[in-house]
Amino acid sequence: MNIILLGPPGAGKGTQAEFIKKQFHMAHISTGDILRQAVKENSPMGIKAKSFMDQGALVPDEVVIGIIQDRLQQQDTMKGYMLDGFPRTINQADALNEMLKGLSSWDQDRAIQHVVYLEVPELELVQRLQGRAAKEGRVDDNDETVKNRIKVYFEQTSPLIDYYEAKKLLRRINGRGAIEQITKDILSVLS
Ligand code: AMP
């Protein structure tokens with residue numbers, strides 16, 4: 001099974017990704033994690049990405065599309081994969097479609113079957129992200145950056161809701177409430 005996790009920053013994608021991964025033994029591909037690692041290592045990609053990430057802006061499409069292109073060639077994704085934090089723009093989603101069709105090993109098994117959309121009201125997101133800033137010390141969780149990431153989400157990423165709805169892939173999940181309940185709701189749409 002191949003899925004996309006979609007939702008605003010602070011919706012709980014990372015937390016739920018851990019449960020889903022255990023249940024279905026799929027490759028977990030988080031562009032945010034890959035980029036943070038690159039920044040830590042001071043690689044050319046990390047150096048390029050850092051200023052965008054610090055501002056809460058999106059890293060240019062070609063960078064993240066390149067990450068996914070490489071990652072989907074790797075063997076562990078053949079038995080199923082979960083994209084967490086990608087795509088974040090319509091352009092990235094179109095690129096993903098093209099990429100999947102173009103894979104040398106392409107067959108129906110590599111296509112996306114579900115887009116799990118975690119819905120959380122905007123007001124709650126700000127509170128959650130500020131809580132995470134205090135707990136995890138993520139540099140992009142400070143007040144100003146948090147507001148910008150939410151703004152960027154509504155402007156550039158939320159159009160993907162209609163995009164995947166039109167493709168009949170969208171699975172809406174209420175992202176408020178107990179973590180275990182949300183996990184149950186996700187597993188029941190995936191099973
Ligand atoms: P995340 O951990 O998914 O919230 O990502 C952290 C940051 O990495 C984002 O605020 C962006 O700057 C960058 N990033 C992660 N995924 C993408 C993506 N698909 N497109 C552009 N930027 C991304």
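Along the sequence shown, the residues carry numbers beginning at 1. Each ligand, and each atom within it, is numbered from 1 in the order the structure gives. Only this structure's heavy atoms are used, side chains among them; waters, hydrogens and symmetry mates stay out.
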Is the number of heavy atoms from other residues, nucleotides or ligands under 6.0 Å of L187 CG greater than 12?
-> yes
Who passes side chain to side chain contact (heavy atoms under 4.5 Å, CB included) against K167, sequence neighbours left out?
-> N97, Y163, Y164, L169
Rounded to the nearest 0.5 Å, the CD1 atom of I29 sits from the CG atom of L72 at a distance of 5.0 Å
When every non-hydrogen atom of P8 is compared with those of V120, the smallest separation belongs to CG-O, 4.4 Å
Can you name the side chain to side chain contact (heavy atoms under 4.5 Å, CB included) partners of I47, sequence neighbours left out?
-> N42
Does K184 have any side chain to side chain contact (heavy atoms under 4.5 Å, CB included) partners at least two apart in sequence or in another chain, and if so, which?
-> Q181
Close-range residues for ligand 1, whose non-hydrogen atoms fall below the 4.0 Å threshold = T31, G32, L35, R36, M53, A57, L58, V59, V64, G85, F86, R88, Q92, R138, D140, R149
